[in-house]
Structure formats: C-alpha cells, structure tokens
Amino acid sequence: MTEPLLSLRQLDAGYGDFQALFNVSFDIATGSVTALIGANGAGKSTLLRAIVGLVRAKPQMVRYCGEPIGGLSPDRIARRGVALVPEGRRLFRSLSVEENLVIGGECGRPGPWSLKAVYSLFPVLRERRRNPGTALSGGQQQMVAIGRALMSNPELILFDEISLGLAPVVIKDIYAALPAIIATGVSAVIVEQDVTRALGIAHRFVCLQEGKVSLQGDPAAVGRHDITAAYFGM
Amino acid sequence: MSSTSIGLDIKGTAMSSAYAIERSTPTSRVAAIMALVLVAGLIAAPWWAGRANLRLLGEIYTFVALSSLWNLLAGYTGLVSVGQQAFVGLGGYTLFGLTIFTGVPPLVAVALAGVIGGAGALLLAPLLFRLQGAYFAIGTWVAAEVFRLSFAQVAALGGGSGTSLPTAIVVSIAADRSLREGLIYWSALALTLVALGFVIALLRSRTGLALTAIRDSEIASESCGINIAWTKILVYVATAAISTMVGALIFLQKLRISPEAAFSVNDWTAFVIFIVVIGGIGTIEGPLVGTLVFFALRETLANLGTTYLLILGAVAIVVMLKAPKGLWGVVADRFGIALVPIRRQVKTR
Amino acid sequence: MDWVNAIAQGILLGGLYALFAAGLSLIFGVMRLVNIAHGDLIVAAAYLALTIVQITGLHPFAAAIIVVPLMALFGYILQRLLLNPTLGKDFLSPLLVTFGLSVILQNGLLAGFTADSRRLSAGAIETASFDIMPGLTLGALPLLMFVVAVAVIAGLEVIFSRTSLGRAFRATSDDAEIAQLMALDHHHVYGLAMALSAGIVAIAGIFLAIRTNFDPASGPARLIFGFEAVIIGGLGNLWGTLAGGVVLGVSQTLGAQISPGWQLLAGHLVFFLVLGLRPRGLFPRMD
Ligand SMILES: Nc1ncnc2c1ncn2[C@@H]1O[C@H](COP(=O)(O)OP(=O)(O)OP(=O)(O)O)[C@@H](O)[C@H]1O
Ligand SMILES: [Mg+2]
C-alpha cells in the first residue's frame, strides 16, 4: 500500500491547560474524501487547527507525506500544501473579493487553480470581484473562502463547517462544486453538521466524541445505527 | 481624604454552614502584624533616623504612593497613563500658588491640592477617555505638557525658570527645623498610608473585584453589575486627587519648583512605571517591592549617571518580556503567598 | 501679512509632522502597536545622519542612502527581538516595552553624544527661498519637506493598496491567524512593517536634524506631534494624517504669532479641541 498523504498518530492537543483531543490516530489517503463528524464541542475544529499548525502538536503526531510536521508554524505547513476553509469563513475584511483570492495564491505553488479557474467554478465571484469580501452574502463568502484555499493549489484541503448557516439552495451549489474540486486530485476533509450529506460524498469517515475517535471506517460498510451511537456516545 | 470610605461591602467571614469564605490567610495575618510593627517604627523615625535618612524615607514614601496609584490604574483598571506628572506637578504648583498668593498654611494646601487635582482630572477625563488603550496613554502625556507649558507662562511663579518657597511660609509650618521636618515626614507617611489604604480598600470592594475579574477576563464587563465606564472615571479621578496631594508634599520637601522639575516625565512617570513593572504589575505588593529595588539600585548605581537609567530601562524590558508579573509575581507563584489578601477563598469546614 | 506668512509656514511645517506621524500610523494600522519610542527613533536617526555626515562628508540628503536602510534594518530587528514577543495579549506589554526603549534610547544618546544640542547643515538649500508674493516667502527647505511628506504618504498608499506587501499588511491586520494560513509569517510581516516605519523615521530624522537644533531629549515632543497629527486627522487615514499635521503646524505657527510661549500650547489646545468636538478626527476613515 502507498504511504498516506497525512497520518495522525496519537495526537493530543488543546488550549493551555485544557486538553481537547486525546490519542487521535487515523490516515488520509491521497485523493480521498474524509468526513469528520461529531457533536458540538467534540473537537473537530481543534483537530483541523492542529493539522494546519494553529494548535500546537508534537512533531511525530502529525505526519504529512511521510514527514513530521507537528509543531511547524502555520505558514510553513500552508506552503507544503495544506489549506483550511475555516469555520465562519473569516475573509479579510479590508481586502476585495479578488484580493482575498489572490492572497490565497501568494505562496506560489503550481497547479490547476488560478483566478480564472476559481471564477469559472464560482462565476458569481467574478461579478463581485471588486467588492469587499465581507459585503457578500453568506454563501458567496463561503465560495470566496473555498476559492482562497484552492488558490494555494493544496494537496489537502480541510473544510470546517462547510455549510453552516447557509440557505439550502446555496448548500446545493457548494456541494455541486465539490466533485470538480476533488477531481483535480486534491484530498479533502469535510466537517459537516449534516451527517448524511457528508457521508454521501465521503470515502471514509472519522467520528469524534469528546476528543477521542469513537468510530472510523467506510461509510458504506458501517451501519447507520453504529454511527449514531458513536456520534452521541450511546 | 474621604476616598477611604469606598470600603468593604462584603464581610470577610462566614456565609453558609458548609463553607466559610475567607480572605485572610495565615501568611497575611503575620504580614498584617509585621506591617503594624513596621508602621509604628516608621512613625518613630524622627527619633531614630538622621536627617538624611528621614529625607530618603520621605522620598521612598512618595514613590510607594505614586507607584501604588499608577498600578491601580494600569494593573487593574486598564488605564495606562504616562502623564501622571501632570498631577504631581499640579500639586507642587498648587502648594506654591496657594501658600504664596492666598496665605493658606502649607499642610492645608497639601490637602486642598487633592481637591484641585480631582477637579482637574474630572475636567480632563471626558476628553482623554475618548482615546483607547495606548492612545489614552499618549493623551495623558499631552495633558501633562499642557500643564507644564501653562505653568511656565505664570510669571508670578517664576515662569519657565521656577521659584522657591519663601522662607516665611516654610517657617510657618513650625519654627523649629526638626519639628518642621518631622511634620513633613509624618505627612508623607500618613499620605502614603492613605494611598495604600485607598488602593487596598478599593480592590477589596465589589467594584475592585469586578475590575480584577474583567482584567482577567473571567467575566464580561456587562455581567458584573458595575458601570465600568463610571468606575474607570472614578478610579482615574481619585487616583489623580491623591497623586496631586503627593506632588504637593514632594515639593514641600524640595522647597523649590520649576516647570521642568514639576512635570518631569522621567521622575514622576518613568521611574514609577519601572518600579511597578519590576515589582509586579497588577499585584498590591509589586509597587512596594519595586520601590525597594529601585532605591537599592539607585543608592548603589547612582554614580553611574545616565547608565543607571539605561540599566533600569533594560531591566524593565527584560522583566516585561520574561516575567510579566514582576519580581513579586515570581515569588508569589513559586510560594503561593499573598501578603495583602484581595481574593476570597472558599474553605470547606 | 504676518498672519498669511505664519499660515503658509504652518502648512509646510505640517509636512514634517505628517512625516513624524506616518510611521506611527503605519505600525498602528498593521499591528495595533503604539510605539512610545517613535520620537526617540527619529532623534536617533538624526544622530545617525549626523555621524555619517561627519565620517563620510556626504551631503545630509545623500546620507539618506545609508541612514534609511540602516534604520529599516534596525526596525526589523527591533520588531523581531523585542516587540513581536509582546504582541497579541493586551496593549500593556508593547506599550511598556516601547516606553522602556524610549528611556534607553534617550540615555544611550545622552551617553554617546552629551546633552549639547546639535544641528546638521544642508548648505545652500537652507537659505534658498521663493518669493511667492510681496510679504510671502517660502523657504526651499520647508517646501522640499512638504513635497517629500506628500510623496511618502502617496508611496505608502500605493504600497498598501497595490502591492502584495500591502495586501499582506492588511490581511495580517484584519486577522493575523488566518493570514498565517496564507503562508504569511506574521512575525516577518510585522518586522517588515516596522522596517518601513523606521525607514520613514530615518527621513523624518534627517529633516529634523536640518530644520532645528536637537538633543537626546527631543524625542518625546516628536512622538507627541506625530500622535496629535494622527488623532486630528483621524485614525487609519494617511491623507487625513497629512491634514492633521497641517492643522497642527498652522496652530503652532499662529500660536507663536500671539507669543512665543504659545506655540506648543496652541497646538496641544487645538488637539484637545478636535478631540472634544470630533473624537474620531477631522477625516475619519469610512467603515
Ligand atoms: N480557543 C479555545 N480555548 C479554549 N478552549 C477551546 C477553544 N476552542 C475550543 N475549545 C474547547 O475545545 C473543545 C473542542 O472544541 P472544537 O471547537 O474543536 O469543537 P467542534 O467539534 O469543532 O465543535 P462545533 O461543532 O461546535 O464547532 C470544546 O470543549 C471547546 O470548548
Ligand atoms: Mg467547530
């Protein structure tokens, strides 16, 4: 078997004295889509933040392309090709839509994604490209946040709460864009409140419960009942 | 000196049957007894200390007072002022002005300086409080500059070159020199105790606990039941009033005043800030410890001249970077002691 | 006619104040840092220029080729070593560290150069002037200072709005955490901002050294003038800062018309007046 793109090994992480993740281990294969599910406060965001370096981890706890990256600074990890679409989008408010996209590509990694490619994925952004990023609707802002992450031509893209707070039609648009993104060969982790939807497009799932992995596997092979139990801790 | 009336409004003793809320600890009780002995000894200083030492003690008191007050502002209330020399200088000039022009006795003028300082702060506050954080700090500095430049325009007080306190006024305190110096010394001691008492009483009050909680961001300011904007103004004004009295006493000790000396940012703010930072910002004991360190360094390094200030500035920066809670913070964390207990501790019976 | 002259001189003086203010405003915009040592850095740059002119015999303006990069390098190192560790929590630690730095710079300069006041000679340009109309004469040097101030502010505007460095500044200022995910090392970005600020400080220092006598204690007043220009003009608006500098400069020269003792006082009082009437400054940024 080939080496996984990312592997977490006994990852412990938290905020100061508060430990939010305990002994988390799983692999992400190149080109795969992983659904990361769990109740509120289970530690999903913390896990993504630990991967991108915003939450500290020990070197060997996070391995990327076979190299330990735990504890590297976020800008270094970003340069290696890991991108995060953060919870709440967090666009730069004093940058226009286009500048938000351009700054995502600043690290100069080569690949299929460019302003043109992002605009053809989300045509509405081209019309609004001169607006401040924060002047857009929630769904359009999420498109900018996704585009911004894609602009770095990542090998691994992490979506935190990809559809939180968006109208159903917009959620459909966002999910419609996902296959095109994944088709470029990028691996993805998707954190999603709507478990059914997430499991629907994922090759694998990881369920967190109170900071620990309570279940992981192939969504098609594991029964709905078991997943519910792992999710709620019953 | 009505400021001490903002006192305790929660009793430090038992509440329910299963728990006792206590503020004092064995260490703090010992410390309190030792403090009483110390104060008694200091009151008696005119009988056991020489003239030079008496002056030194007087100077130490004024720095204890100024640094405790600045600490209350910066360490608890979030109001960082680099313009406290405005009030020290105002106090000095109030003393000189009142005694020279209106014949008010000097020690009465010191007390009146508190009123003038408080009024001045009350007038400035609406303007300065429009500035946030560090900009507030520079704003206070501008205010001090306005005071300095204005007093330099008063020809009757010597204009830019300043003036001395006429002998007749000095002698009016007491004809006998030792008695006079004793009286000034006791006033300085008393005023410092008032300043310390005010700071401790305020921090122990509900308002003070709320300020501490907001500082430590344990709670949001809206939820603590005090009006934070007014509290800040109150603390600023009260601190200014006492600082102005301290300033009046400082220049009663010096007997000479000039705009440069009265509104010196180095003497009345830089030293004070270094004292608090080195001693431990946001702790009651910090300013006391810092003052002792400051005077110990000064007595040993004074002949280094400007290098002394260089060293002091460097020490303050290192402390700020490496031990932001200062010397006292390091000691308190290591040994878990508090000489002046502010926080209540819940004890199971 | 004296009054017209005073106003004209005040406007040009405002250019110098805008130079004092621009660096201050820049780093506040990028990292919410208020550098209490800003004025002392200006004075340190003045001494650096003086030293370089003495050693090399260069014209003060030519010395800028050395002073500006040296100060920028110093700014970068200062930021990385001393200031970055204080950022993030509250405003207290950076404030106190820069305050300590201010005292260190003043006393370091005092130890190195004594308390004597110094001045840098720029030769013929100091006495050159243009007669605009009878009774109104503008000095070549003040004019040049004003033009340079306008150029510096225009340059900053271009950097901020058009370049990737400016984008990095704005993004880091908006959200330093997410900016890191854009492969921006915020410590480096802050270092660059301080370097840019110190480069402007160097220009301001050279002009200061040519225009007036200076001594190691001249720094705080420059900080205060710069600060007043920022607040009068409105936070976060560079052209506003230029206008703030002009308002301050005119207030001072008009005050000096009344009586020499009123020069600085008038500036401070106008500052408080603006603070009272327009707390967000005369030209607040729209947002
Ligand atoms: N900045 C922080 N400081 C301290 N604790 C935090 C911080 N952020 C999150 N936590 C705690 O860490 C735990 C995990 O939080 P996390 O945000 O990772 O959960 P989550 O699974 O993403 O939840 P949600 O579905 O609500 O987004 C929670 O108990 C939370 O309170
Ligand atoms: Mg989350």
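Any value given below was found using the heavy atoms of this structure, including those in side chains, with hydrogens, waters and symmetry copies removed. To find a chain, count down the sequence lines: A is the first, B the second, and so on, and within it residues start at 1.
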Side chain, backbone, both or neither of B:Ala152 within contact of chain C (heavy atoms, under 4.5 Å): neither

Tell me whether B:Gln132 at atom CD has more than 12 heavy atoms from other residues, nucleotides or ligands lying less than 6.0 Å away. no

Parallel, tilted or perpendicular: ring planes of B:Phe294 versus B:Tyr308, cut at 30 and 60 degrees: tilted

Residue C:Leu95 versus chain B: region with a heavy atom under 4.5 Å: side chain

Tell me whether C:Phe272 at atom CZ has more than 12 heavy atoms from other residues, nucleotides or ligands lying less than 6.0 Å away. yes

Keeping the roles fixed (side chain from C:Thr98, backbone from C:Asn35), state whether a donor-acceptor pair exists under 3.5 Å. no

Heavy-atom cut-off 4.5 Å, strictly under: side chain, backbone, both or neither for B:Tyr135 against chain C? both

Pairwise side-chain contact, B:Thr239 with B:Gln84, heavy-atom cut-off 4.5 Å (strictly under): yes

Excluding sequence neighbours, so at least two apart, what forms salt bridge (Lys or Arg N to Asp or Glu O under 4.0 Å) with C:Asp175? A:Arg90

If you count heavy-atom pairs under 4.5 Å with chain C, which of B:Thr269, B:Leu312, B:Leu309 comes out on top? B:Leu309

Between B:Phe87 and B:Phe263, is there a side-chain heavy-atom distance shorter than 4.5 Å? no

Which residues pass the salt bridge (Lys or Arg N to Asp or Glu O under 4.0 Å) test with C:Arg170, not counting sequence neighbours? A:Glu99

Anything in residues 227-249 of chain C with a heavy-atom distance to chain B below 4.5 Å? Please list those residues in order. C:Phe227, C:Glu228, C:Val230, C:Ile231, C:Leu235

On the 0 to 90° scale, with breaks at 30° and 60°, tag the C:Phe160-C:Phe169 ring pair as parallel, tilted or perpendicular. tilted

Pick one of side chain, backbone, both or neither for C:Leu110, based on which atoms fall under 4.5 Å of a heavy atom in chain B. side chain

For C:Leu277, is it the side chain, the backbone, both, or neither that has a heavy atom closer than 4.5 Å to a heavy atom of chain B? backbone

Is B:Ile281 in contact with chain C via its backbone, its side chain, both, or neither, using a 4.5 Å heavy-atom distance? side chain

Is it the backbone or the side chain of B:Ala137 that comes under 4.5 Å from a heavy atom of chain C, or both, or neither? side chain

By a 4.5 Å heavy-atom criterion (distance strictly below it), what part of B:Ile311 contacts chain C: side chain, backbone, both, or neither? neither

Heavy-atom cut-off 4.5 Å, strictly under: side chain, backbone, both or neither for B:Val82 against chain C? side chain

Checking heavy atoms, do the side chain of C:Pro220, its backbone, both or neither come under 4.5 Å from chain B? both

Checking heavy atoms, do the side chain of B:Val146, its backbone, both or neither come under 4.5 Å from chain C? both

Can you confirm whether C:Val34 sits close enough to C:Phe91 that some side-chain heavy atom of one is under 4.5 Å from a side-chain heavy atom of the other? no

Leading residue by heavy atom contact count with chain B [cutoff under 4.5 Å; candidates C:Pro94, C:Gly267, C:Ala221, C:Gly108]: C:Gly108

Do B:Gln85 and B:Ser264 have side-chain N/O donor and acceptor atoms under 3.5 Å apart? no

Counting C-beta onward and ignoring hydrogens, is there a side-chain heavy-atom pair between C:Val43 and C:Pro216 closer than 4.5 Å? no

What about B:Tyr236 and B:Phe129, are their ring centers closer than 6.0 Å? yes

Could you list which of residues 74-87 of chain C have a heavy atom closer than 4.5 Å to any heavy atom of chain B, in residue-number order? C:Leu82, C:Pro85, C:Thr86

Which region of B:Ile138, side chain (C-beta onward) or backbone (N, CA, C, O), has a non-hydrogen atom less than 4.5 Å from a non-hydrogen atom of chain C, or is it both or neither? both

Which portion of C:Val97 sits near chain B, non-hydrogen atoms under 4.5 angstrom: both

Among B:Ala143, B:Gly160, B:Ala316, which has the most heavy-atom pairs under 4.5 Å with chain C? B:Ala143

Cation-pi check, C:Arg32 onto C:Phe28 ring (under 6.0 Å, within 45° of axis): yes

B:Leu321 versus chain C, heavy atoms under 4.5 Å apart: side chain, backbone, both or neither? side chain

Which atoms of B:Thr307 come close to chain C, meaning under 4.5 Å heavy atom to heavy atom: side chain ones, backbone ones, both, or neither? neither

Using 30° and 60° as the class limits, which term best fits the ring planes of C:Tyr17 and C:Phe20: parallel, tilted or perpendicular? tilted

